[in-house]
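Just so it is clear, the model here is predicted, and its values are computed rather than measured. All values below come from the heavy atoms of this structure, side chains included, with hydrogens, waters and symmetry mates left out.
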Amino acid sequence: MLLSASTAPAALASPNRVPDVTVEFWLIKLLAVTMGETAADYLAVNLGFGLTVTSLIMTGILVVALALQFAQKRYVPWAYWLAVVLISVVGTLITDNLVDNFGVRLQTTTIAFTVLLAATFAVWYASERTLSIHTIVTTRREIFYWLAILFTFSLGTAAGDLVAETFDIGYLTTGFLFGAVIVFIALGYFAFGLDAILAFWLAYILTRPLGASFGDLLSQQVEYGGLGFGTTFTSMIFLGCIVALVLYMSLKKGTGEADKILLESE
């Protein structure tokens with residue numbers, strides 16, 4: 001782990017503001033990105049708000065959620081995952097607006113968001129000398145972190161739609177394709193020593209098109225290659241699972257902190 005001289009004391013004294021990477025982390029992240037895809041479609045299409053109005057409303061709500069997250073100065077499950085779900089929706093809407101309202105091709109948006117994400121990582125590393133999520137302990141690092149998260153969602157939406165729709169291989173095949181790439185990344189990390197930070201961010205990016213593909217598979221009509229469950233049902237199911245997992249993680253975190261206090265007092 002690399003720490004710059006200017007931020008090392010803060011890293012040692014301040015709590016991390018994002019969660020540890022656990023099985024629960026990946027599960028809820030996958031649920032969140034899947035819901036981001038279906039919820040964006042539900043708000044824009046089913047409720048009839050349209051992409052522009054939906055984008056403005058959800059961006060405003062996201063700003064409030066991020067303000068709550070930044071105010072915590074530590075990892076609080078409900079605040080963090082609320083921000084993740086909303087940034088997933090907004091990231092999807094950004095790509096959808098570019099493609100549907102402005103006529104930007106999916107190939108172009110995929111390349112553009114790849115460049116923006118790479119630039120974010122480059123500036124982040126130049127400033128902090130680390131991209132580790134285990135040291136998100138200052139406001140500046142957290143800004144870089146959430147900016148990177150936003151671009152991963154927009155990039156994942158564009159890449160997933162590009163493969164599933166433009167390349168016309170279908171949602172199910174697209175999901176399995178991205179899932180297979182994630183398995184190879186995990187294999188590289190666990191068996192061949194792939195750098196942990198690189199492996200994390202690659203997997204984080206690819207879980208977006210993985211989740212979005214299965215979200216579209218469940219929600220889209222049969223004639224469009226889906227299973228026809230609709231965006232309302234699909235979004236509610238995933239929202240319920242997310243709420244249950246966040247409650248579990250909050251209780252687990254609270255129990256862990258209580259045990260720590262008890263041990264320190266003995």
Side-chain angles (χ1 to χ4, degrees), residues 1-4 7 11 16-34 36-37 62 66 69 75 80-81 83-92 94-95 109-163 174-175 177-214:
M1 178 177 63
L2 295 174
L3 295 174
S4 66
T7 57
N16 198 23
R17 303 183 186 184
V18 302
D20 293 331
V21 181
T22 61
V23 173
E24 293 97 335
F25 173 90
W26 287 115
L27 180 57
I28 196 171
K29 199 271 181 178
L30 187 58
L31 290 169
V33 300
T34 306
E37 179 73 18
L62 172 62
L66 285 175
Q69 163 63 22
Y75 169 57
Y80 175 85
W81 290 109
V84 169
V85 169
L86 290 171
I87 209 167
S88 175
V89 175
V90 171
T92 299
I94 290 173
T95 297
T109 56
T110 300
I111 294 171
F113 284 122
T114 299
V115 172
L116 287 171
L117 181 59
T120 299
F121 284 140
V123 176
W124 181 356
Y125 188 81
S127 173
E128 302 295 323
R129 307 309 299 172
T130 180
L131 299 178
S132 172
I133 66 163
H134 302 297
T135 58
I136 308 299
V137 295
T138 65
T139 298
R140 183 167 63 180
R141 289 188 182 185
E142 193 171 8
I143 290 172
F144 282 126
Y145 175 85
W146 287 109
L147 187 60
I149 296 301
L150 176 63
F151 288 142
T152 64
F153 284 132
S154 294
L155 170 59
T157 300
D161 288 348
L162 175 66
V163 175
T174 299
L177 175 63
F178 283 107
V181 177
I182 292 172
V183 169
F184 278 113
I185 292 171
L187 183 64
Y189 170 69
F190 287 109
F192 298 102
L194 179 65
D195 180 76
I197 296 174
L198 176 61
F200 169 81
W201 283 112
L202 287 176
Y204 200 99
I205 293 167
L206 293 172
T207 50
R208 178 66 183 97
L210 172 64
S213 297
F214 284 110

| message | For Y204 and F153, take the angle between the two ring planes, folded into 0 to 90°, and tell me which bin it lands in: parallel under 30, tilted 30 to 60, perpendicular over 60. | response | tilted

| Would a 4.5 Å heavy-atom cut-off, applied to side chains only, mark L30 and F214 as touching? | no

| remark: Interatomic distance, CD@E142 vs CG@N16, rounded to 0.5 Å, equals 9.5 Å

| field | Q69 vs W146 side-chain heavy atoms within contact, under 4.5 Å | value | yes

| Exam field: side chain W201 to backbone A148, donor-acceptor pair closer than 3.5 Å | no

| task | With rounding to the nearest 0.5 Å, note down the distance linking CD1 in I149 to OG in S154. | result | 11.5 Å

| Heavy-atom side-chain proximity of W124 to L147 below 4.5 angstrom | no

| query | Quick one: are I94 and L150 in side-chain contact, heavy atoms under 4.5 Å? | reply | yes

| What are the two closest non-hydrogen atoms of G160 and T174, and how far apart are they? | O-CG2, 4.0 Å

| L155 vs I205 side-chain heavy atoms within contact, under 4.5 Å | yes

| Just how far is it from atom OG1 of T34 to atom NZ of K29, taken to the nearest 0.5 Å? | 9.0 Å

| said: Are F25 and W81, when compared by the centres of their aromatic rings, separated by less than 6.0 Å? | reply: yes

| field | Gap separating the CG atom of L177 from the CD1 atom of I182, nearest 0.5 angstrom | value | 10.0 Å

| pair I136-E128: side-chain heavy atoms closer than 4.5 Å | no

| remark: Distance col, row L27:CG vs T207:OG1, nearest 0.5 angstrom, shows 11.5 Å

| field | Residue pair A32 / V85: nearest heavy atoms and the distance that separates them | value | CB-CG2, 4.0 Å

Check residues 115-122 and write down every donor-acceptor pair under 3.5 Å in which the side-chain atom is one partner and the other belongs to a residue at least two apart or another chain.
unit_1: T120; atom_1: OG1; unit_2: L116; atom_2: O; d: 2.9

| query | So how far is it from T109 OG1 to L162 CG, rounded to the nearest 0.5 Å? | reply | 7.5 Å

| field | Sequence neighbours excluded - salt bridge (charged side-chain N to carboxylate O under 4.0 Å, His left out) pairs with any residue from residues 200-209 | value | E37-R208

| field | Check: T92 side chain, S88 main-chain N or O, donor-acceptor pair, under 3.5 Å | value | yes

